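As structure tokens, the structure follows; a few thoughts come after it.
The model shown is predicted, which means the values in this text are computed figures rather than measured ones.
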Amino acid sequence: MKARERLLAELKASVPEVTPRDALALQARGAALVDVREPDEIAQGSAPGALRLGRSYLELRIEEAVPDAQRPLVVMCGSGTRSLFAAADLVRLGYAQVSSMAGGFTRWKSEGLPIERPAALDASARERYSRHLLMPEVGEAGQAKLMRSKVLLVGAGGLGSPAAYYLAAAGVGTLGLVDHDVVDRSNLQRQILHTDARVGTSKVASARQTLEALNPSVKIVGHETQLTSANVEQILDGYEVVVDGSDNFPTRYLVNDACVKLGLPNVHGAVYRFEGQVSVFWPARPQRPGPCYRCLYPEPPPPEYAPSCAEAGVLGVLPGVIGLLQATETIKLLLGLGEPLVGRLLYFDALQMNFTELQLERDPGCRYCGDGRAFPGYIDYERFCASAVT
Ligand SMILES: [Zn+2]
């Protein structure tokens, strides 16, 4: 028998188990129902009046929530396993009458017992996001959704800076940042997450400092590395939307290919001098799928045709405009609002101050997202400078 199974058998022998119906009756007679599930599980519903203490801080929170060690406790989790472990810990803390609810919340729900959806936002979140809460299209449910969302930003540079800044302000719960570079003084003309004092330090660390100062409740996950065929899938996995703010073709193609493989929407942005473009590449979109980047440009241009980084320039405010369009598309995707830029390329000309829209078609013969195609694998293209500077 494995250690885990042996321990479970011991717990089952020592901790009394009650059915969900018994738990409800015990609660009516004064027992405390203690829900030890994680916040994202509890957001889907919990037993009315349950104390939602979570597992990780249970020992630190229980005494304040239940000062009387003689009060009966019924511990519940998702399926009735974690509650056994938690119950044993509560006995060790001195609680005299602790039982575990067999079958957990899954069984509670299937037996048709009452369910309450707890308010997702605490007082400080209500204050911070009050202007979102006033909009019925976002509201409390939408804000809670943003707070549970995970977005990956490829690049903490010209496009990633404004996008990450506003996504953190909007309360997107987890922001991943991929960047292997350090802050250079020549970045500061447009990369607004960084500061003069942080020249020479890691961009990811610098971005984290700015974003956490703006909104401490956002979790920043740093990936201080260059994306390669070996790590791209592992890094993208678990995110819901990818914001591509990369400044080179090898990364742009890797991000595209991994998004195609993982079915993720890829919010693309690029800037050059006074011009920029935005689109959402999402062949796996459930209804009305759109093209991927390779449907438009099957292969990167040869290095000799791409201008060098030193030759290409960009107006400092330009990535601000494009990065914020990317952030806007990201929030729309997370909330399922409006019409995303899937199958459309929005082109911005700052000198004429106009936007032009191009319709983009999915290529059914595309090597990556084409109909019935098996994934052909990742390619590490030779690193050379793209026309885009971010
Ligand atoms: Zn394609």
Given the rule that I, L, V, M, F, W and Y join up when any side-chain heavy atoms are under 4.5 Å apart, are [X] and [Y] in one cluster?
X: V34; Y: L24; value: no
X: V278; Y: L337; value: yes
X: L153; Y: M147; value: no
X: V243; Y: L335; value: yes
X: L133; Y: M135; value: no

Using a 6.0 Å cut-off, check whether atom [atom1] of [X] has over 12 heavy atoms from anything other than its own residue.
X: Y166; atom1: OH; answer: no
X: K12; atom1: NZ; answer: no
X: Q234; atom1: CD; answer: no

Find out whether [X] and [Y] are in side-chain contact, i.e. whether some heavy atom of one side chain is under 4.5 Å from a heavy atom of the other.
X: R288; Y: V342; value: no
X: R185; Y: Q189; value: no
X: L175; Y: L167; value: yes
X: E357; Y: Y347; value: no
X: L113; Y: R21; value: yes
X: D184; Y: V199; value: no
X: V218; Y: E212; value: no
X: M101; Y: E17; value: no

Ignoring hydrogens and angles, tell me if any N or O in the side chain of [X] forms a donor-acceptor pair with the backbone of [Y] under 3.5 Å.
X: R252; Y: D247; result: no
X: N215; Y: A168; result: yes
X: T210; Y: L193; result: yes
X: T201; Y: R198; result: yes
X: R344; Y: Q359; result: no
X: E329; Y: L341; result: yes
X: S206; Y: S202; result: no

(request) Nearest 0.5 Å please: distance from the SG atom of C259 over to the CG atom of L264. (result) 5.0 Å
(request) Working to the nearest 0.5 Å, report the span between OG of S99 and CG of D22. (result)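 Going from OG on S99 over to CG on D22, the span is 9.0 Å.
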Set of salt bridge (charged side-chain N to carboxylate O under 4.0 Å, His left out) partners for [X], sequence neighbours left out:
X: E10; value: none
X: E299; value: R294, R367
X: E38; value: none

By side chain to side chain contact (heavy atoms under 4.5 Å, CB included) - contacts of [X] (at least two apart):
X: A47; value: L33, A50, M76, W108
X: A141; value: none
X: Q352; value: D349, N354

List the residues meeting ring-ring contact (aromatic ring centres under 6.0 Å, His included) with [X], not counting sequence neighbours, and say none if there are none.
X: Y368; answer: F375
X: F355; answer: F348
X: H268; answer: F281, Y293

(message) Applying side chain to side chain donor-acceptor pair (under 3.5 Å), can you list everything that pairs with D371, at least two apart in sequence or on another chain?
(response)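 Checked D371 against side chain to side chain donor-acceptor pair (under 3.5 Å); matches are R362.
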(request) With sequence neighbours excluded, tell me which residues meet side chain to side chain donor-acceptor pair (under 3.5 Å) with S149. (result)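 S149 satisfies side chain to side chain donor-acceptor pair (under 3.5 Å) with K145 once adjacent residues are dropped.
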(request) Using the salt bridge (charged side-chain N to carboxylate O under 4.0 Å, His left out) rule, take R92 and E59 through it: C-alpha gap first, then chi angles, then the decisive distance, then the call. (result) CA-CA 10 Å; R92 253 180 299 230; E59 290 88 340; over 6 Å; no
(request) Dump the intermediate steps for salt bridge (charged side-chain N to carboxylate O under 4.0 Å, His left out) on R52 and E116, then the final yes or no. (result) CA-CA 12 Å; R52 288 141 201 159; E116 166 181 283; 2.8 Å; yes
(message) Name the residue from L333, I331, L177, L334 that meets the side-chain contact (heavy atoms from CB on, under 4.5 Å) definition with V151.
(response) L334
(request) Could you check L53 against V36 for side chain to side chain contact (heavy atoms under 4.5 Å, CB included), going step by step and ending with a plain yes or no? (result) CA-CA 6 Å; L53 303 181; V36 297; 5.8 Å; no
Any idea which heavy atoms bring [X] and [Y] closest together, and the distance?
X: P283; Y: P289; answer: O-CB, 3.1 Å
X: G171; Y: Q143; answer: CA-NE2, 4.1 Å
X: P162; Y: G158; answer: CD-O, 2.8 Å

(request) Let me see the working for L93 and L90 under side chain to side chain contact (heavy atoms under 4.5 Å, CB included), right down to the final yes or no. (result) CA-CA 5 Å; L93 274 178; L90 292 172; 4.2 Å; yes
Using a distance-only test with no angle check, is there a side-chain donor-acceptor pair under 3.5 angstrom linking [X] and [Y]?
X: S83; Y: S100; answer: yes
X: D380; Y: T228; answer: no
X: Y129; Y: E140; answer: no

(request) Begin with the C-alpha distance, continue with both residues' side-chain angles, and end with the deciding distance and a verdict on salt bridge (charged side-chain N to carboxylate O under 4.0 Å, His left out) for R148 and E41. (result) CA-CA 11 Å; R148 289 195 303 274; E41 299 177 274; over 6 Å; no
(message) Check this for me: does any side-chain nitrogen of one of D35 and R55 sit under 4.0 Å from a carboxylate oxygen of the other?
(response) no
(request) Applying side-chain hydrogen bond (donor to acceptor under 3.5 Å, both in side chains) between K203 and each of Q191, H180, E224, H194, report the one that passes. (result)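 Option passing the side-chain hydrogen bond (donor to acceptor under 3.5 Å, both in side chains) with K203: Q191.
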(request) Sort and list the pairs that fulfil salt bridge (Lys or Arg N to Asp or Glu O under 4.0 Å) and have at least one residue in residues 60-78, not counting sequence neighbours. (result) none
(request) Before giving the answer on side chain to side chain contact (heavy atoms under 4.5 Å, CB included), spell out for Y165 and L324 the whole-Å C-alpha distance, their side-chain angles and the decisive distance to 0.1 Å. (result) CA-CA 9 Å; Y165 220 162; L324 288 190; over 6 Å; no
